[in-house]
Asks: 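Following this message is one structure expressed as structure tokens.
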Amino acid sequence: MASLPDSAPYVVVGAGIHGLSTAYHLAKELSDRGHGSGSDVVVLDKSEPGAGASGIACGVVRNNYFQPAMSELMQACVECWESDPSAYAYNPVGYVALGPDVQESDLAATFERQERIGYRSTFITGEAEVDRHMKELFPDWRAQGVTACLHEFQGGFAFNKDSVDGLAGKARAEGVQILSGVEVTGLESADDGTVTAVETNQGRIAVGEQLVIAPGPWAKRFWRMLGLPMEIDIRTPDGDVVEGQPMWTYWNLQEGEITVDPLMFATADGSAPPVIHLDTDAPLSTDDGELVTDDLWGIYFKRDRHGVQGGASPLLVDGDVEVDPYPSTTDVDPSFADMWCAALSHSMSRFEGCRPLYKQARSGGVGAFTADNFPVFDYMRPNVYTILDSNHGYKMIGVGREVAKVLMGEQSGLLYPFRFERFSSGDLHPVSHSPYPWS
């Protein structure tokens, strides 16, 4: 391992998708503007690139967001994925979101926005019409209670560790130094709050210009290290103030896979299938007829290298969680496998009887969520930019491109809605009818 330099103009903490994307795009910005090069950028990771959430992400890339700011930012992120699909191990297969009556207005609003911004998709309503559309893709489609379908022709998924390695390779090619096994233990600050140096288990590195913190699930730890409040008051859009809300909560991300021939999950013409996200209020039962739930439920799934992978709604963790060694988890629903496999079977007859094929290799880990479950992208000290993704991270590969511009002194209209100030100003993101906290 290369030794820690005494100083660097730009120090990035975290070698996941956000940290590496920022480092790569910052290196290009410095070079293009004649302000330096990638050799001015050092990335620190306590383990190695992709050792955290990015390396085990399910890898779905979508723009199915009810919130305007999320949709516009995700369009930029999809463009970034599309810019080099080979290096990013990106599969542009599309994404299909299906929902019941209660979600129809949300999906309609999302589609209308996608039309306005030029994001390619189509929208189908009516239970019979949706069923017809899905049967054209999958003749054995049999999901019930679905009245709306938003089929995004962009988006898809990427292979997690391969995309991280590809991004790291692009950063190194620009001269960026990526140091593994360097754990940040503290920050040195000047009287005005500027961070002057980063303390690590390998020594001290002075920060010449700016520090970027992209910690993924370790967000709460770095929030505390920056001396920021663990509880905040939130002004709602109506002007009311809700006091003493926890800034950070943890959710266990329930994801798994079944070991099958990946090619069994294909469209009618043999093509690679789009990612499927199904929400419905139709009763869900196992193949043996045992009721799983008669409440609104949802799953997502995609073809993977060794089978079919996906997940369901996350579980809120009561209290704190031990993040290390990642992915540490607590309070995982033991019935997840039964529910997810029953839902696969509910969706398509080809998955009937798949429960014995479930693989106990949980991919979701645990995520750190902000007070409103949406990211914070902002300066939290005069020279410290924080990328706190609230578990939206992996798909948001383009955030680093925007952050690099901000570090160069530009404004980013795409990142502005995610500033920390929104909690005090009441400029919050609208809430959808989705059972997922991030949609």
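Keep in mind that the numbers below use all heavy atoms, side chains included, and drop hydrogens, waters and symmetry copies. Sequence positions, counted from 1, serve as the residue numbers for this chain.
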Asks: Taking the side chain as C-beta and beyond, is there a heavy-atom pair between C77 and V61 under 4.5 Å?
Replies: no

Asks: Using side-chain hydrogen bond (donor to acceptor under 3.5 Å, both in side chains) as the criterion, list what pairs up with E421, not counting sequence neighbours.
Replies: R419

Asks: Has the side chain of T185 got a donor or acceptor atom that lies under 3.5 Å from a matching backbone atom of E199?
Replies: yes

Asks: Would V323 and R221 satisfy side-chain contact (heavy atoms from CB on, under 4.5 Å), going step by step from the backbone distance to the final call?
Replies: CA-CA 10 Å; V323 181; R221 177 186 169 210; over 6 Å; no

Asks: Which residues satisfy the side-chain hydrogen bond (donor to acceptor under 3.5 Å, both in side chains) test with N63, sequence neighbours excluded?
Replies: S71

Asks: I want to check something: taking the side chain as every heavy atom from C-beta on, are V11 and V195 in contact at a cut-off of under 4.5 Å?
Replies: no

Asks: Mind checking the NE2-CG spacing from H18 to L388? Nearest 0.5 Å is all I need.
Replies: 9.0 Å

Asks: Kindly compute the distance separating CZ (F369) from CG (D389), expressed to the nearest 0.5 Å.
Replies: 9.0 Å

Asks: Mind checking ring pair (Phe, Tyr, Trp, His ring centres under 6.0 Å) for H133 and listing every partner two or more places apart, or none if nothing turns up?
Replies: H151

Asks: So among K359, K302, E257, which one has a side chain to side chain donor-acceptor pair (under 3.5 Å) with Q309?
Replies: K302

Asks: Counting only N and O atoms by type, is there a donor-acceptor contact under 3.5 Å from the side chain of E29 to the main-chain atoms of M408?
Replies: no

Asks: For side-chain contact (heavy atoms from CB on, under 4.5 Å), just list the numbers for D304 and F159, CA-CA rounded to whole Å, side-chain angles, deciding distance to a tenth of an Å, and then say yes or no.
Replies: CA-CA 8 Å; D304 201 40; F159 292 116; 3.6 Å; yes

Asks: Under the ring pair (Phe, Tyr, Trp, His ring centres under 6.0 Å) definition, can you give me all pairs with a residue in residues 396-422, not counting sequence neighbours?
Replies: W223-F420, F377-F418, F418-H429, F420-F423

Asks: Using only heavy-atom distances, determine whether the side chains of D238 and T236 contain a donor-acceptor pair under 3.5 Å.
Replies: no

Asks: Residues in side-chain hydrogen bond (donor to acceptor under 3.5 Å, both in side chains) with R235, at least two apart?
Replies: none

Asks: Only counting residues at least two apart or in another chain, list the ones meeting salt bridge (Lys or Arg N to Asp or Glu O under 4.0 Å) with D40.
Replies: none

Asks: Mind listing the closest non-hydrogen atom pair of E104 and A148 along with its distance?
Replies: CG-CB, 3.8 Å

Asks: Please evaluate residues V399 and S21 with respect to the criterion side-chain contact (heavy atoms from CB on, under 4.5 Å), reporting the C-alpha separation (whole Å), side-chain torsions for both, the decisive distance (0.1 Å), and the verdict.
Replies: CA-CA 8 Å; V399 167; S21 178; over 6 Å; no

Asks: Do L73 and P375 have side chains that approach each other closer than 4.5 Å (heavy atoms only, starting at C-beta)?
Replies: no

Asks: Not counting sequence neighbours, which residues clear ring pair (Phe, Tyr, Trp, His ring centres under 6.0 Å) with Y95? List them please.
Replies: none

Asks: For L414, is there any backbone N or O sitting under 3.5 Å from a side-chain donor or acceptor partner on E402?
Replies: no

Asks: Just by modelled atom types, is the E243 backbone N or O under 3.5 Å from a matching donor or acceptor in the Q245 side chain?
Replies: yes

Asks: For the pair N201 (side chain) and E183 (backbone), establish whether a donor and an acceptor sit closer than 3.5 Å, ignoring hydrogens and angles.
Replies: yes

Asks: Rounded at 0.5 Å granularity, tell me how far CG in D165 sits from CZ in R172.
Replies: 8.0 Å

Asks: Closest approach of P68 and P430, non-hydrogen atoms and distance?
Replies: CD-CG, 3.9 Å

Asks: Hey, what do you get for CG (L4) to CD1 (I205), rounding to the nearest 0.5 Å?
Replies: 5.0 Å

Asks: With a 4.5 Å cut-off on side-chain heavy atoms, are V13 and P215 touching?
Replies: no

Asks: Rounded to the nearest 0.5 Å, how far does OG1 of T196 lie from CG of D191?
Replies: 10.0 Å

Asks: What's the shortest heavy-atom distance between P273 and T267, and which atoms?
Replies: CA-CG2, 3.8 Å

Asks: So D295 and D281, side-chain contact (heavy atoms from CB on, under 4.5 Å) or not? Walk me through it.
Replies: CA-CA 6 Å; D295 294 325; D281 50 15; over 6 Å; no

Asks: State which residue, out of I178, L30, V212, fulfils the side-chain contact (heavy atoms from CB on, under 4.5 Å) condition with V41.
Replies: L30

Asks: Below 3.5 Å, can you tabulate the donor-acceptor pairs from side chains in residues 46-59 to any protein atom, sequence neighbours excluded?
Replies:
residue : atom : partner : partner atom : Å
K46     : NZ   : D324    : OD1          : 2.7
K46     : NZ   : D324    : OD2          : 2.9
S54     : OG   : I17     : N            : 3.0

Asks: If every non-hydrogen atom of M74 is compared with every non-hydrogen atom of R62, which pair is closest and at what distance?
Replies: CE-O, 3.0 Å

Asks: Can you name the closest pair of heavy atoms from H392 and N373 and give their distance?
Replies: CE1-O, 3.0 Å

Asks: Taking ring pair (Phe, Tyr, Trp, His ring centres under 6.0 Å) as the definition, give me every residue that meets it alongside Y90, ordered by chain and number, with sequence neighbours left out.
Replies: W81

Asks: Between Y10 and A23 (side chain of the first, backbone of the second, donor and acceptor by atom type, cut-off under 3.5 Å), is there such a pair?
Replies: no

Asks: Heavy-atom distance under 4.5 Å between the side chains of L315 and F336, does that happen here?
Replies: no

Asks: With heavy-atom distances below 4.5 Å as the criterion, would you say the side chains of I387 and I213 are in contact?
Replies: no

Asks: Could you work out, with ring pair (Phe, Tyr, Trp, His ring centres under 6.0 Å) as the rule, every residue matching F265, not counting sequence neighbours?
Replies: F138, F301, F351

Asks: Using a strict cut-off of less than 4.0 Å between a Lys/Arg side-chain nitrogen and an Asp/Glu carboxylate oxygen, indicate whether D162 and R305 qualify as a salt bridge.
Replies: yes

Asks: For Q411, is the CD atom crowded, meaning more than 12 foreign heavy atoms sit under 6.0 Å from it?
Replies: no

Asks: For D233, enumerate each residue passing the salt bridge (Lys or Arg N to Asp or Glu O under 4.0 Å) test, keeping only those at least two apart in sequence or located in another chain.
Replies: none

Asks: Under a 3.5 Å cutoff, is there a donor and acceptor pairing between the side chains of H277 and D279?
Replies: yes

Asks: For atom CG of D6, decide whether the heavy atoms of other residues, nucleotides or ligands shown that lie under 6.0 angstrom number more than 12.
Replies: no

Asks: Taking C-beta and beyond as the side chain, do L179 and P5 meet within less than 4.5 Å on heavy atoms?
Replies: yes

Asks: Given the ring of Y250, does K220 sit roughly above its face, with NZ or CZ under 6.0 Å from the centre of the six-membered ring and within 45° of the axis?
Replies: no

Asks: With sequence neighbours left out, what residues match R381 under side-chain hydrogen bond (donor to acceptor under 3.5 Å, both in side chains)?
Replies: S189

Asks: Say you draw a straight line from CG of L98 to OH of Y300; how long is it, rounded to the nearest 0.5 Å?
Replies: 16.0 Å

Asks: Looking at S163 and A89, would you say the former's side chain and the latter's main chain have a donor-acceptor pair under 3.5 Å?
Replies: no

Asks: Between T386 (side chain only) and D378 (backbone N and O only), is there a donor and an acceptor less than 3.5 Å apart?
Replies: yes

Asks: Could you check if a side-chain atom of Q254 sits within less than 4.5 angstrom of a side-chain atom of M339, using non-hydrogen atoms only?
Replies: no

Asks: Please answer whether the main-chain N or O of S390 pairs with a side-chain N or O of T370 as donor and acceptor at a distance below 3.5 Å.
Replies: no

Asks: I'd like to know if the side chain of D372 reaches the main chain of F374, judged simply by a donor and an acceptor atom lying under 3.5 Å from each other, with no hydrogens or angles considered.
Replies: yes

Asks: Testing the basics here: between R113 and Y65, what is the closest heavy-atom pair and its distance to 0.1 Å?
Replies: NH1-O, 3.2 Å

